[in-house]
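Working notes for the structure below.
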Amino acid sequence: MGEGSGRKLIVEVSNAQNLMPKDGQGTASAYAIVDFDGQRRRTTTKTRDLNPQWDEKLEFIVHDKDSMASETLEVNLYNDKKTGKRSTFLGKVKISGSTFVKSGSEAIVYYPLEKRSVFSQIKGELGLKVWYVDEDPPETENAGEKKEESAPVTEEKPPENSPDGERKEDKVEEKKEEEKKEEENKPKEETTEEEKPKEEAKVEEAPPTPPTEKPKQLKEKHVELQKRADLSVSDHELRSLSGDRSRSAYDLVDRMPFLYVRAVKAKRAKPEPASTIFAKLVIGTHSVKTKSESESKDWDQVFAFDKEGLNSTSLEVSVWSEKKEDQSSESCLGTVSFDLQEVPKRVPPDSPLAPQWYTLESESSVGNDVMIAVWIGTQADEAFQEAWQSDSGGLIAETRAKVYLSPKLWYLRLTVIQTQDLQLGLGAEPKVRNPELYVKAQLGAQVFKTGRTSSGSANPTWNEDLIFVAAEPFEPFLVVTVEDVSNSKAVGHTKIHVSSIERRTDDRTDPKSRWFNLCSEDESGSYTGRIHVRICLEGGYHVIDEAAHVTSDVRASAKQLAKPPIGLLEVGIRGATNLLPVKTKDGTRGTTDAYVVAKYGPKWVRTRTIIDRFNPRWNEQYTWDVYDPCTVLTIGVFDNGRYKQGEDGKQNRDCRVGKIRVRLSTLDTNRVYLNSYSLTVLLPGGAKRMGEIEIAVRFSCSSWLSLMQAYASPILPRMHYVRPFGPAQQDILRQTAMRIVTARLARSEPPLGQEVVQFMLDSDTHVWSMRRSKANWFRLVTCLSRVATLLRWVDGIRTWVHPPTTVLVHVLLAAIVLCPYLVLPTAFMYAFLILLLRFRYRQRVPQNMDPRMSYVDMVSLDELDEEFDGFPTTRPAEIVRIRYDRVRALAGRAQVLLGDVAAQGERLEALFSWRDPRATGIFAVLCLVMSLLFYAVPFKGFVLVGGFYYFRHPRFRDDMPSIPANFFRRLPSFSDQIM
């Protein structure tokens with residue numbers, strides 16, 4: 001391709017921070033060398049600066065657009081030997097081409113500098129902006145002007161130290177200096193421990209060469225090598241091509257035999273232009289027609305019949321003719337029959353079977369032919385996805401298998417700083433002396449307001465952040481309005497193009513503030529003031545769009561922060577058994593039209609709908625890239641009610657059949673789990689078991705090191721910890737993101753229903769539920785029961801329930817006191833042995849949702865009805881009053897418990913506050929005596945004596961509470977001061 005690809009890669013070397021001093025004088029004179037696709041560029045040298053600022057843009061030619069993602073951009077930092085004793089390595093950064101973004105989406109990213117060898121002393125970060133521009137070759141010179149016109153309107157100034165003239169002079173000077181000092185510093189470079197001589201020579205001996213000066217032969221050879229490298233796709237990349245399901249191995253599911261019939265076209269001996277022809281396929285009780293077309297047009301339709309559902313051993317294909325004016329008059333042109341036992345078999349990657357002409361047998365007409373192809377294949381056939389399918393109702397869009405993608409979400413941060421020159425009191429209404437103002441911002445359906453502030457000053461100031469959730473493609477405008485509380489009218493408003501908003505990946509660089517003019521909302525649009533804001537799209541956060549305990553993706557929004565996957569998740573959705581009827585068919589019998597939805601990360605998959613079967617077999621396999629092992633796969637089963645309209649003409653809703661979850665961290669790598677899971681759905685009448693689903697799961701990981709590193713890395717991106725959101729704000733943003741994802745998927749074709757998405761995302765976890773409250777309480781009790789068991793065991797030793805054990809504990813206590821250095825080794829060895837013993841009893845099957853732990857079997861119908869009630873409630877006032885009284889009683893017990901816990905802390909504080917002078921005096925005297933006692937008695941002796949006293953025989957023990965317990969309970973608290 002060469003330069004004809006029309007794509008340029010722009011690398012802006014912004015700055016570096018906290019570099020390692022390398023010149024022997026506590027500083028460094030850094031410059032950067034950037035390599036991409038056989039091209040090299042160099043920045044200027046920043047003398048004696050550990051935090052250099054370059055702000056230089058370097059351009060590279062992309063020879064092949066398709067292979068850009070497989071290329072690597074490498075940036076090396078060096079200390080300039082012109083200003084120091086030697087040219088030394090300061091660090092490097094490697095960036096994969098898959099993270100390059102298009103112009104307009106770029107943002108500065110700080111990359112930690114990597115070492116070149118184990119012995120290198122490297123530290124610091126390098127800030128880079130990397131993006132590409134697609135343009136026609138003749139318009140290359142005007143690319144900069146076009147980019148400036150499309151850039152956001154900000155107050156940025158061009159860097160002063162990077163004009164084109166200075167850059168050319170620097171390149172010429174650098175070329176001369178490198179040739180001059182190459183021989184002088186060659187012996188020193190060979191003795192440097194931190195550098196590799198070959199790499200250093202490569203850097204110094206290869207000055208930047210303009211791409212236009214390359215010989216033509218080298219260009220062609222380079223492009224040829226690129227193409228060869230692009231063809232070498234790894235096995236992991238092949239398996240991760242989940243979008244093309246025809247390439248999947250289908251090794252986790254059963255191969256389902258299908259009879260494929262491809263009807264191409266027909267021709268008749270005597271053509272009739274005024275008529276159309278169609279074909280009819282009949283296998284026993286199965287009958288289907290092709291579309292009706294004129295003789296000059298082809299049908300080119302594929303039909304897939306489930307071989308297990310066929311009730312005949314022959315296929316009959318007939319061709320019919322009908323007049324365009326009178327479609328009721330049909331005439332048969334002939335038939336041809338096929339014995340299904342003689343039909344050939346085809347399994348990919350065999351080439352498709354070529355259709356052939358077959359003569360139609362007819363008593364009335366002769367010489368008519370039909371072109372068809374008949375073969376037996378499986379669901380892995382590439383024709384299966386677009387074929388008419390007998391088990392899913394034919395060519396109905398709502399029953400087809402589809403893959404959906406959640407929209408890419410960003411947090412939009414709007415910082416309202418202040419307003420100036422507000423035109424208050426315009427019009428007939430009297431002017432308020434000190435009106436209260438607030439700023440309202442709206443993005444789509446999201447509306448947020450700042451606090452109120454008085455405009456007694458000339459420039460009302462807020463300095464408040466408003467956070468929105470923005471989804472690609474973005475809403476066109478963010479509307480910012482200044483409103484007056486006194487008359488509830490807008491002072492002025494402005495519209496900000498969302499596409500022009502600056503993007504950032506971390507908090508190291510603040511977006512530049514901008515002034516916007518406010519205009520009135522009437523037709524005149526007159527000037528009413530201006531507003532000062534700071535606005536940016538936060539790419540360093542992960543927008544949480546699902547419940548926190550079942551999250552399946554934790555990647556940041558910015559593409560520049562993307563990390564390579566650590567593994568591959570493969571899921572085989574095999575089938576379901578013993579499904580219960582969900583609806584009635586023809587008002588006589590129950591039926592279920594089941595399909596499965598699987599969700600992991602932003603990718604949703606939906607199987608085809610199996611019509612009218614209680615034991616459907618899907619046998620479909622899907623794959624996902626895994627970026628974090630501590631994530632959850634969610635699989636739900638639904639009954640399809642949308643492919644048929646209801647009696648009122650509206651589409652029915654899909655019904656829930658059940659849901660399962662699989663946590664990837666509980667799976668062994670490279671192992672296939674083939675299990676059946678119970679499907680239980682919670683209904684207003686109680687929990688109901690709807691059947692079982694059979695799935696196969698395999699989590700493949702190519703690098704154990706990457707998997708182990710994932711456990712040590714933070715769960716969420718860095719911005720969640722350096723600039724976290726509050727719990728209440730995070731919950732609001734999560735619910736907003738869920739609504740956006742639900743609305744976008746509901747607008748797909750075919751739509752993924754709102755009830756399906758909400759069920760998969762657990763969007764109702766924040767709603768009050770007595771059942772969930774009881775389940776969480778018993779989870780807490782179960783965790784505390786371990787502590788209670790330990791305390792009971794200690795109390796059994798203390799009361800000499802089993803004397804030999806108590807004697808052994810006395811011996812262990814003496815050993816610990818006399819040899820304290822053995823305490824930690826013994827404890828950790830004991831823990832290791834326990835874990836080793838329990839390894840044999842680990843869970844071998846991934847656990848499903850537990851109905852007993854969910855407390856669905858011991859919940860009343862009224863509590864379930866309360867859980868399914870919407871917000872606000874729609875129940876009668878009497879029922880709401882009863883439920884309110886029940887919540888009050890429960891809250892009263894919780895209130896008493898909180899008071900008791902607070903009282904214990906207040907009693908401890910009362911020891912030092914002299915609220916009870918006698919108690920505090922006794923404690924002060926006791927502290928003095930204990931200090932003298934501990935000074936005289938060794939600590940080992942005190943621990944030994946105290947332990948023996950605690951474990952003394954019951955004969956020497958009193959049944960009444962101990963003196964310290966009595967003393968502590970008599971201390972005052974603030975409970976008596978509560979009204």
Side-chain angles (χ1 to χ4, degrees), residues 392-393 396-407 409 471 544-547 549-553 571 573 575-576 579-583 591-611 613 616 618 620 622 624 632-646 650-662 677 679-684 688 690-691 693 695 734-767 848-849 867-868 870:
S392 60
I396 304 175
E398 286 77 9
T399 63
R400 314 288 289 182
K402 291 292 180 182
V403 177
Y404 302 85
L405 288 176
S406 297
L409 302 177
I544 303 175
D545 60 348
E546 51 195 343
H549 60 281
V550 293
T551 182
S552 60
D553 188 16
V571 179
I573 303 173
L579 294 181
L580 296 182
V582 176
K583 56 193 175 186
T591 182
T592 299
D593 305 325
Y595 69 92
V596 179
V597 175
K599 194 261 182 197
Y600 183 79
K603 178 181 174 182
W604 303 62
V605 297
R606 169 179 175 166
T607 66
R608 67 187 190 279
T609 300
I610 305 298
I611 303 296
R613 291 190 187 178
W618 294 284
E620 299 183 19
Y622 300 91
W624 287 267
V632 178
L633 166 71
T634 304
I635 299 176
V637 183
F638 301 88
D639 174 77
N640 195 333
R642 292 179 176 269
Y643 76 98
K644 285 185 178 180
Q645 292 186 346
K650 297 181 179 179
Q651 279 190 334
N652 298 321
R653 293 169 61 91
D654 295 344
C655 298
R656 306 173 179 179
V657 177
K659 179 171 60 178
I660 65 172
R661 299 192 189 103
V662 178
Y677 298 92
L679 295 172
T680 304
V681 65
L682 193 61
L683 302 172
K688 189 175 183 181
M690 302 296 293
I693 183 174
I695 64 170
R734 180 187 294 115
Q735 297 300 323
T736 303
M738 287 182 179
R739 288 193 293 269
I740 292 176
V741 172
T742 302
R744 289 291 179 90
L745 293 179
R747 285 160 42 188
S748 304
E749 186 59 39
L752 200 59
Q754 177 181 357
E755 64 279 6
V756 174
V757 179
Q758 291 178 348
F759 183 59
M760 296 289 290
L761 294 179
D762 284 340
S763 60
D764 58 347
T765 53
H766 66 290
V767 180
N848 188 19
M849 291 184 291
E867 183 175 343
F868 282 93

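All of these numbers come straight from a predicted model, not from anything done at the bench. Only heavy atoms go into these numbers, but all of them, side chains included; no hydrogens, no water, no symmetry mates.
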Task: Step-by-step side-chain contact (heavy atoms from CB on, under 4.5 Å) determination, Lys688 to Thr680 - done: CA-CA 6 Å; Lys688 189 175 183 181; Thr680 304; over 6 Å; no
- [ ] With side-chain contact (heavy atoms from CB on, under 4.5 Å) as the test, would you mind laying out the steps for Tyr677 and Ile695 before giving the verdict?
- [x] CA-CA 8 Å; Tyr677 298 92; Ile695 64 170; 3.6 Å; yes
TODO: Test side-chain contact (heavy atoms from CB on, under 4.5 Å) on Ile660 and Leu679 and set out the steps.
DONE: CA-CA 7 Å; Ile660 65 172; Leu679 295 172; 4.3 Å; yes
- [ ] Assess whether side-chain hydrogen bond (donor to acceptor under 3.5 Å, both in side chains) is satisfied between Glu546 and Ser552, documenting all intermediate values.
- [x] CA-CA 8 Å; Glu546 51 195 343; Ser552 60; 3.0 Å; yes
- [ ] With side-chain contact (heavy atoms from CB on, under 4.5 Å) as the test, would you mind laying out the steps for Val657 and Leu579 before giving the verdict?
- [x] CA-CA 8 Å; Val657 177; Leu579 294 181; 4.2 Å; yes
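When side chains are defined from C-beta on, Val597 counts as touching Phe638, because their heavy atoms get closer than 4.5 Å. Contact of the Trp624 side chain with the Val605 side chain is registered, since non-hydrogen atoms from C-beta on lie closer than 4.5 Å. Residues Val632 and Val662 fail the side-chain proximity criterion, which asks for heavy atoms closer than 4.5 Å. Put simply, the side chain of Val582 reaches to within 4.5 Å of the side chain of Met690, judged on heavy atoms. Contact of the Pro751 side chain with the Leu745 side chain is not registered, since no non-hydrogen atoms from C-beta on lie closer than 4.5 Å. Counting heavy atoms from C-beta outward, Asp764 and Gln758 have side chains that stay 4.5 Å or more apart. A 4.5 Å side-chain heavy-atom check between Ile635 and Ile693 finds at least one atom pair inside the cut-off. Under the 4.5 Å side-chain criterion, counting only non-hydrogen atoms from C-beta, Leu633 is not in contact with Lys599.
Within 6.0 Å of CZ in Arg653 there are 12 or fewer heavy atoms belonging to other residues, nucleotides or ligands.
Minimum interatomic distance between Asn848 and Lys659 (heavy atoms only, all atoms of both residues): OD1-O, 4.1 Å. Closest non-hydrogen pair, His549 versus Thr765, comes out as CE1-CG2, 4.0 Å. Taking both residues in full, the closest heavy atoms of Val757 and Leu752 are given as CG2-O, 3.9 Å, listed atom of the first, atom of the second, then distance. Closest non-hydrogen pair, Met760 versus Thr634, comes out as CE-O, 3.5 Å. Shortest non-hydrogen contact noted between Ser406 and Val741 is OG-CG1, 3.9 Å. When all heavy atoms are compared, the tightest approach of Asp762 to Met738 is O-CE, 4.3 Å.
By the side-chain hydrogen bond (donor to acceptor under 3.5 Å, both in side chains) test, Asp639 pairs with Lys583, sequence neighbours left out.
A salt bridge links Arg642 with Glu755; the closest basic N to acidic carboxylate O contact falls under 4.0 Å.
Here the two rings, on Tyr600 and Tyr622, have centers that are 6.0 Å apart or farther.
Here the CG atom belonging to Leu409 is positioned 10.5 Å from the CG atom belonging to Asp553, to the nearest 0.5 angstrom. In this structure, CG on Asp545 lies 9.5 Å from CD1 on Ile740, to the nearest 0.5 angstrom. Separating the CZ atom in Arg734 from the OG1 atom in Thr551 is a distance of 9.0 Å, to the nearest 0.5 Å. Summarising the geometry, atom OG1 belonging to Thr607 is positioned 5.0 Å from atom CD belonging to Glu620; distances are rounded to the nearest 0.5 Å. Note that the OH atom of Tyr643 and the OG atom of Ser392 stand 10.5 Å from one another [nearest 0.5 Å]. In this structure, CD on Glu398 lies 7.5 Å from CG on Asn640, to the nearest 0.5 angstrom.
Taking the centre and axis of the six-membered ring of Tyr595, the NZ or CZ atom of Arg606 falls inside the cone set by 45° and 6.0 Å.
At least one donor-acceptor pair closer than 3.5 Å links the side chain of Thr592 to the backbone N or O of Leu580. The backbone N or O of Trp618 sits less than 3.5 Å from a side-chain atom of Arg608, completing a donor-acceptor pair.
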